[in-house]
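See structure below.
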Amino acid sequence: MPGQTIPVLETKRLRLCAPEAQDYPDFKATFASYRSRFMGGPLNAYEAWMLYAAEIGHWEIRGYGMWRIHLKDTGETVGMAGGWFPAKWPEREIAWIIWPDRSGKGFALEATDRVRRHFYHDLGWETAVSYIDPKNLDSIRLAERLGCWKDREAATIDGSDAVYRHPTLDQLKGQTGHGIAMEIAHYQDPLFKPKGFAID
């Protein structure tokens, strides 16, 4: 990105990198799909292009944004996670999305935990929220697995979204953070086969 160096974040399985042009087709396909219904989609080709341009521009305006989630072993992109704070947004948001055919493998949990720790440790954030459609049960479950709770006092974007408050850095140093790390470790185990309904 012109004007700044976007850090590369890593976990055991993932490498989180700046959004690039070659990742756009997967982004476009995802936001044209039914999976995007809780994030303003499905979008037509022009709307998807404008949103992707906003993802890239957000880094220049805010100094942070959404990373592309790459698998270390293959290099393929499986989704994105990071920070999002458009004009008139009440608070800084931590957001995620996984491509439809790559869900259920813990990638969103692992990536979102990593970007949140970057925001807290490296950028000094003290809090963050995730704005979630109340009908988006998968994202609500993921937010809860990340230690978030429904903040009924927080301002919403337009009154139709639920606000999930992320735990603070101190809270992540205790039992909450330990539980998240244990679940991520399960997904990182190649022999682990989660049971039940696939969630990110």
Side-chain angles (χ1 to χ4, degrees), residues 4-19 38-39 55 58-59 61-70 72 78-98 103 105-134 136-157 159 161-189 192 194 199-200:
Q4 71 167 313
T5 300
I6 296 176
V8 174
L9 308 180
E10 296 192 356
T11 68
K12 184 175 181 179
R13 295 187 298 173
L14 310 175
R15 181 174 290 108
L16 283 70
C17 305
F38 298 124
M39 296 167 284
E55 298 281 1
H58 191 283
W59 281 97
I61 296 170
R62 298 296 194 196
Y64 59 88
M66 299 288 285
W67 282 266
R68 315 302 287 176
I69 305 169
H70 298 267
K72 281 185 173 179
V78 298
M80 59 186 184
W84 189 239
F85 190 30
K88 299 185 178 180
W89 229 244
E91 297 185 56
R92 290 177 294 202
E93 180 180 20
I94 295 176
W96 57 83
I97 185 171
I98 299 297
S103 63
K105 298 178 175 62
F107 296 141
L109 178 71
E110 189 172 336
T112 305
D113 177 70
R114 180 66 184 90
V115 301
R116 182 171 64 186
R117 291 180 181 279
H118 170 74
F119 291 144
Y120 284 174
H121 281 286
D122 302 327
L123 299 189
W125 290 20
E126 296 182 356
T127 189
V129 299
S130 290
Y131 299 107
I132 303 176
D133 187 306
N136 190 351
L137 301 182
D138 286 353
S139 283
I140 289 173
R141 284 192 290 263
L142 178 58
E144 290 173 344
R145 287 158 60 213
L146 284 160
C148 304
W149 65 93
K150 191 173 183 179
D151 188 345
R152 301 180 186 277
E153 303 300 319
T156 67
I157 298 171
D161 49 292
V163 183
Y164 280 79
R165 176 76 53 189
H166 285 263
T168 65
L169 183 58
D170 284 342
Q171 290 169 330
L172 288 172
K173 292 177 181 177
Q175 186 175 358
T176 298
H178 181 63
I180 295 168
M182 285 183 63
E183 184 176 358
I184 290 172
H186 282 311
Y187 277 106
Q188 291 171 340
D189 181 351
F192 176 64
I199 51 180
D200 293 338

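Along the sequence shown, residues carry numbers from 1.
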From CG (Leu137) to CD (Glu144), nearest 0.5 Å:
9.5 Å
Closest approach of Pro90 and Tyr131, non-hydrogen atoms and distance?
CB-OH, 3.4 Å
So which heavy atom on Pro167 is nearest to which on Gly147, and how close?
CD-O, 3.5 Å
Closest heavy-atom pair, Ala154 versus Val163, reported as atoms and distance to 0.1 Å, is CB-CG1, 3.7 Å
Row check, Trp84 ring normal vs Arg92 NZ/CZ: under 6.0 Å, within 45°
no
Centroid separation under 6.0 Å, is that true for the rings of Tyr164 and Trp96?
no
How many angstroms lie between atom CZ of Arg114 and atom CD1 of Ile69, to the nearest 0.5 angstrom?
12.5 Å
Which value, rounded to the nearest 0.5 Å, describes the distance between Leu146 atom CG and Ile184 atom CD1?
7.5 Å
Side chains of Glu110 and Thr11: any donor to acceptor distance under 3.5 Å?
yes
Between Leu9 and Trp67 the two heavy atoms that sit nearest each other are CD1-CZ2, 3.7 Å
The criterion is side-chain contact (heavy atoms from CB on, under 4.5 Å); which residues satisfy it with Cys17, sequence neighbours excluded?
Val8, Arg15, His70
For Arg165, which residues count as a salt bridge (charged side-chain N to carboxylate O under 4.0 Å, His left out) partner, sequence neighbours excluded?
Glu91, Asp151
Do Ser130 and His166 have side-chain N/O donor and acceptor atoms under 3.5 Å apart?
yes
What is the distance from atom CD1 of Ile6 to atom CH2 of Trp59, rounded to the nearest 0.5 Å?
4.5 Å
Can you list the residues that meet the salt bridge (charged side-chain N to carboxylate O under 4.0 Å, His left out) rule with Arg68, with sequence neighbours excluded?
Asp23
Taking the side chain as everything from C-beta on, heavy atoms only, tell me whether Phe107 gets closer than 4.5 Å to Thr112.
no
Side-chain ion pair, Glu10 and Lys72, N-O less than 4.0 Å
yes
Indicate yes or no for a side-chain donor-acceptor contact from His58 to the backbone of Met66 under 3.5 Å, with no hydrogens or angles considered.
no
If you measure from CD1 on Ile157 to CD1 on Ile132, what distance do you get to the nearest 0.5 Å?
10.5 Å
How many angstroms lie between atom CD1 of Ile98 and atom CG of Asp138, to the nearest 0.5 angstrom?
12.0 Å
Does any part of the side chain of Arg116, heavy atoms only, come nearer than 4.5 Å to the side chain of Leu172, both counted from C-beta?
yes
Got a donor-acceptor contact below 3.5 angstrom from the Gln171 side chain to the Thr176 backbone?
no
Are any of the side-chain heavy atoms of His118 and Leu123 separated by less than 4.5 Å?
yes
pair Phe85-Tyr64: side-chain heavy atoms closer than 4.5 Å:
yes
Check whether any side-chain heavy atom of Leu142 lies under 4.5 Å from a side-chain heavy atom of Arg145, and answer yes or no.
yes
